[in-house]
Amino acid sequence: MKKKVSFILCILTCALLVAGCNVSLTKQNKNFNEKKLEKETDKNLEKWFGTDHAGQSEQLKSAIEYYDGMKDQLSEDEWNSYLEQRDTAMEQIAEYDEAVKYKKKYGSEMDKKVKTEFTISADSATVNETIRTTEGKQFIYSVSYDKDGNKTTEKIEEYKTMKQKMARAGLNTVMSITIVFVVLLFISFIISGFKIIGVVRDGRSSSRRKQVKVAPIPVAAPASAPTQAKSVESTENLVDDLELVAVITAAIAAATESESADGLIVRSIVRR
């Protein structure tokens with residue numbers, strides 16, 4: 001028990017030390033002063049509203065079209081250098097076109113700043129300002145800074161009220177429940193299909209068993225009966241032949257007036 005308590009205390013101590021280090025690094029970085037960050041963000045926002053993004057985009061597109069037609073007049077080194085600049089210009093054109101789209105959606109003139117929020121860490125900071133335009137629409141202007149206080153990213157996000165966020169969350173919940181219900185219904189349908197397949201398979205097997213007729217197996221007669229009959233018949237024939245031989249021998253002896261029949265031999269008997 002003591003070891004567990006000591007281990008938990010060590011973890012809490014380490015967490016507090018890490019948190020203290022982050023806080024100390026944030027405080028030591030003068031570039032992450034909230035007032036300074038807000039002031040810098042206001043300047044960037046003012047510049048964003050004051051820039052003619054549509055005109056800047058058209059100028060860059062015209063310049064790219066012009067220099068694309070001069071490929072044959074430029075050396076290989078000049079052309080390669082132009083291609084690098086061309087990639088940067090294309091990225092700027094995309095940013096300008098996106099800004100034009102947002103100005104058409106929310107408005108091109110600022111009315112007032114509603115609120116400012118900060119997200120500051122040890123090596124970066126982000127400032128989110130909720131802006132209302134003269135058309136009464138709101139959006140979030142977000143700027144991120146590196147540890148030296150230089151702007152790294154700039155983006156526009158749609159502002160959503162709490163009601164809109166809750167409606168969105170409710171819609172996501174309903175969609176999630178619906179998807180789960182549909183998946184469960186599909187799984188139950190598959191399981192019930194297995195039962196139907198089993199019933200059909202059993203029915204086919206029983207019908208096949210009914211169609212097959214078993215042929216009767218002939219029973220062989222016992223082999224001992226004919227053998228016994230033949231043996232009895234041969235015995236009877238032998239007894240008859242012996243009696244017949246005796247009679248014939250006696251008759252021949254009487255006919256030849258011989259007192260003994262020892263010298264007589266019967267070779268064969270032919271029945272007619």
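Since we're looking at a predicted model, the values are computed, not measured.
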Distance-only donor-acceptor check, side chains Asn128 and Ser142, under 3.5 Å: yes

Within 6.0 angstrom of Glu157 CD, more than 12 heavy atoms from elsewhere: yes

Heavy-atom side-chain proximity of His53 to Lys103 below 4.5 angstrom: yes

Donor + acceptor pair across side chains of Tyr96, Glu58 (<3.5 Å): no

Flag for Thr126-Ser144: side-chain donor and acceptor within less than 3.5 Å: yes

Residues Lys36, Glu34: salt bridge by 4.0 Å N-O rule: no

More than 12 heavy atoms of other groups within 6.0 Å of Tyr67 OH: no

Aromatic ring proximity, centroids under 6.0 angstrom, Phe139 and Tyr106: yes

Flag for Ser176-Thr173: side-chain donor and acceptor within less than 3.5 Å: no

Any donor-acceptor N or O pair under 3.5 Å, side chains Tyr145, Thr41: yes

Non-hydrogen atoms of Thr133 and Gly107 that approach each other most closely: CG2-O, 4.0 Å

Under-4.0 Å salt bridge between Lys160 and Glu158: no

Tyr82-Asp68 side chain donor-acceptor pair, cut-off 3.5 Å: yes

Side chains of Thr130 and Ile140 in contact at under 4.5 Å (non-hydrogen atoms): yes

Residues Ser57 and Asp97: side-chain donor-acceptor under 3.5 angstrom: yes

Any Lys43 side-chain heavy atom under 4.5 Å of Lys39 side chain: yes

